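The model shown is predicted, which means the values in this text are computed figures rather than measured ones. Protein chains get the first letters and strands the later ones, always in sequence-line order, with residue 1 at the start of each.
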Number of protein chains: 2
Amino acid sequence: MAETARHHEPRYGNRPTMKDVAARAGVGLKTVSRVVNSEPGVTPDTERRVQEAIDALGFRRNDSARVLRKGRTASIGLVLEDLADPFYGPLSRAVEEVARAHGALLINGSSAEDPEREQELVLALCARRVDGLIVIPAGDDHRYLEPEIKAGIATVFVDRPAGQIDADIVLSDSFGGAREGVAHLIAHGHRRIGFIGDQPRIHTATERLRGYHAAMVDAGINVQDSWVSLGSTDPSRVRAAAEAMLSGPEPVTALFAGNNRVTVTAVRVLADRERPVALVGFDDIELADLLGITVISQDAAAVGRTAAEHLFRRLDGADDAPARVELPTSLIARGSGELPPA
Amino acid sequence: MAETARHHEPRYGNRPTMKDVAARAGVGLKTVSRVVNSEPGVTPDTERRVQEAIDALGFRRNDSARVLRKGRTASIGLVLEDLADPFYGPLSRAVEEVARAHGALLINGSSAEDPEREQELVLALCARRVDGLIVIPAGDDHRYLEPEIKAGIATVFVDRPAGQIDADIVLSDSFGGAREGVAHLIAHGHRRIGFIGDQPRIHTATERLRGYHAAMVDAGINVQDSWVSLGSTDPSRVRAAAEAMLSGPEPVTALFAGNNRVTVTAVRVLADRERPVALVGFDDIELADLLGITVISQDAAAVGRTAAEHLFRRLDGADDAPARVELPTSLIARGSGELPPA
DNA sequence: ATGAAAGCGCTAACAA
DNA sequence: TTGTTAGCGCTTTCAT
């Protein structure tokens, strides 16, 4: 152990490099590079010798070095709210599939709906020089991304428009979906309809509320303040909001739930009551068919796929004006939305 | 446009480098590096000038170059089966949180249960020199990882033991959980109990089947071949298997579902029948409480967290013998598992 | 067909 | 406190 580490030596726990492979195979460095990258101009015999050295040493190309030279990382970043949310799993998976088809890896991070954390994540991804970025915005000001986009990081926003910045955007028709859902309840005889949604700083929450109002106005119904509640999707908050709307002298006879988490809690609240209350939820949920829950369904995978396809179009050089794609939602009637007023 | 690109110039769409910042601020390169990395030894005044240049140019450190020098990427890889599966979302999120606490990014990929794709993904992550790797094995031979592990990439396997390789492993007690679930059915009077599980090459599937057999043997019940079906979790396959077991002269009176996807389909099949059939499923499912489904619950987030913590212990230098951690499962009785035989 | 040399943007070591 | 130099492992260019 008389070895003296004279100079710095990161070497990743002592991995062989192309130089090592070259030495062992008795060829030049560039020849190894050619073999590793399947470039032409190597005789079968040389190639075999190089390959043997690669296998013997357990060589694996260091992509960090490669990236440094080539300028492209063959990776894209996805910043979403929470991977544990059943809406984002399929979305992320769809993005991954498209990335894979383009030979790229996906790095994703959860912002936990915190604008600061979103920025932190996005900048970390930029520092790693991802080729492109798909962002489900938590914050409402994305000017911090300007230098990045100018520097060539293609960016697509999803689910909510970006603040203060011009870029491609893919979203579901929150307004139209909510409007349709609420109109559905009205068509089944309801007039006093409650709306429970996510925090007002979240774009989809206000869009869906706008859809609710539009449907009510269309029907000539005067919305009472007490019928609307925006806030955290924490079960206790949602439960309290629902119970408030369902009690008192003039309780609502139907509820519109602004997203999947609200729906889940609403279903639980309604399960505890004897008087039937109609319910339509935004977002489909697993097993909702068995529980007979009527929902406005949005296709998370389609959203992810569309966003990723737009991103790679940009990466392939498309430079037309930023597009805004709005994907339709669909109402799935399963019973809870068709209950008449009690 | 008389500009001639004489030499190669990747430069990431023309991003400023530390050199550019240094020139603009009128300082040396290393001083910029110090400011960017918050190293000591810079006067407040110099720091301010450098920071101004950074902001003006929109400089962002290139982590590829940094990694190349430092040897650590501050990122870990997670290879799982399918991010769209509700079991893996929370698991991944838990890993991400631990990584974040250690200042690392998470790169994850879905193997789609394909051993080749798993290897492809893992090697891509290794080429990017992730510091560590958490793998939910799809294949049963991981010798291809030997050079990587030897080279210092810490690795933790999750959910299923790795094939042919010695490494940390974190899993749920599939055997014990299934045994408990089946014993629960037996305790409620069942003797003819069906088991529908995932493909036999998946370790958890055979472990759970082993648990089933153990419980049956404990009760002195002779298991009939027709009561057991392993295979794809595709709804049509599961439906066919369930219907076969539920028909004929001596149908099963209870079903044990080997994982969340099987449970979902089983619930749908049973919903179509009038004769009540008891059901216990492995893995909890959202809304299972409302449907009264009895399950063996495993804590996906705890599995992810534990695995990540082990990984970072290794990255922090721990070199004790590979550990095998088995997390307990818990039976949640909600009604379907307590139905008596018809 | 093959290789030598330069350099991607950064950090470690060493001077000044 | 600040700057200079070398070099991480690879690809690019250009020569042989």
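- Under the 4.0 Å criterion applied to side-chain N and carboxylate O atoms, A:Arg313 and A:Asp316 are not assigned as salt-bridge partners.
- The pair B:Asp82-A:Arg93 counts as a salt bridge, with a side-chain nitrogen and a carboxylate oxygen less than 4.0 angstrom apart.
- Taking a cutoff of 4.0 Å between a charged side-chain nitrogen and a carboxylate oxygen, B:Arg314 and B:Asp168 qualify as a salt bridge.
- Taking atom CG of residue B:Asp20 and atom C1' of nucleotide C:dC10, one finds them 13 Å apart after rounding to whole Å.
- Rounded to whole Å, atom P of D:dT11 lies 12 Å from atom CG of B:Leu68.
- When rounded to the nearest whole Å, the span between CG of A:Leu29 and P of D:dT11 equals 9 Å.
- For the segment residues 30-55 of chain B, residues with any heavy atom less than 4.0 angstrom from an atom of DNA chain C are, sorted by number, B:Lys30, B:Ser33, B:Asn37.
- When distances run from any side-chain atom of A:Phe59 to the nucleotides D:dG3, D:dC10, D:dC8, the shortest one goes to D:dC10.
- Within a 6.0 Å sphere centred on CD of A:Glu116, heavy atoms belonging to other residues, nucleotides or ligands number 12 at most.
- Side-chain atoms of A:Arg66 lie closest to D:dT11 of the nucleotides D:dG3, D:dT11, C:dC8.
- To the nearest 0.5 Å, atom CD1 of residue A:Ile165 and atom NE2 of residue A:His142 are 8.5 Å apart.
- Rounded to an integer number of Å, the gap from B:Asn62 CG to D:dC8 P is 18 Å.
- Between the NZ atom of A:Lys19 and the P atom of D:dC10 there is a distance of 11 Å, rounded to whole Å.
- Rounded to whole Å, atom C1' of C:dC10 lies 10 Å from atom CG of B:Asp63.
- Atom C1' of nucleotide C:dG9 and atom CZ of A:Arg128 are separated by 16 Å, given to the nearest angstrom.
- The residues B:Arg305 and B:Glu97 are annotated as not salt-bridged, no charged nitrogen and carboxylate oxygen being separated by less than 4.0 angstrom.
- Atoms CE (A:Met18) and P (D:dT12) sit 11 Å apart, rounded to a whole Å.
- For C:dA12, the OP1/OP2 oxygens have a side-chain nitrogen or oxygen of B:Lys70 closer than 4.0 Å.
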#### Entry: Worked verdict on B:Arg117 versus B:Glu81 for salt bridge (charged side-chain N to carboxylate O under 4.0 Å, His left out)
CA-CA 10 Å; B:Arg117 195 161 153 182; B:Glu81 188 199 331; over 6 Å; no
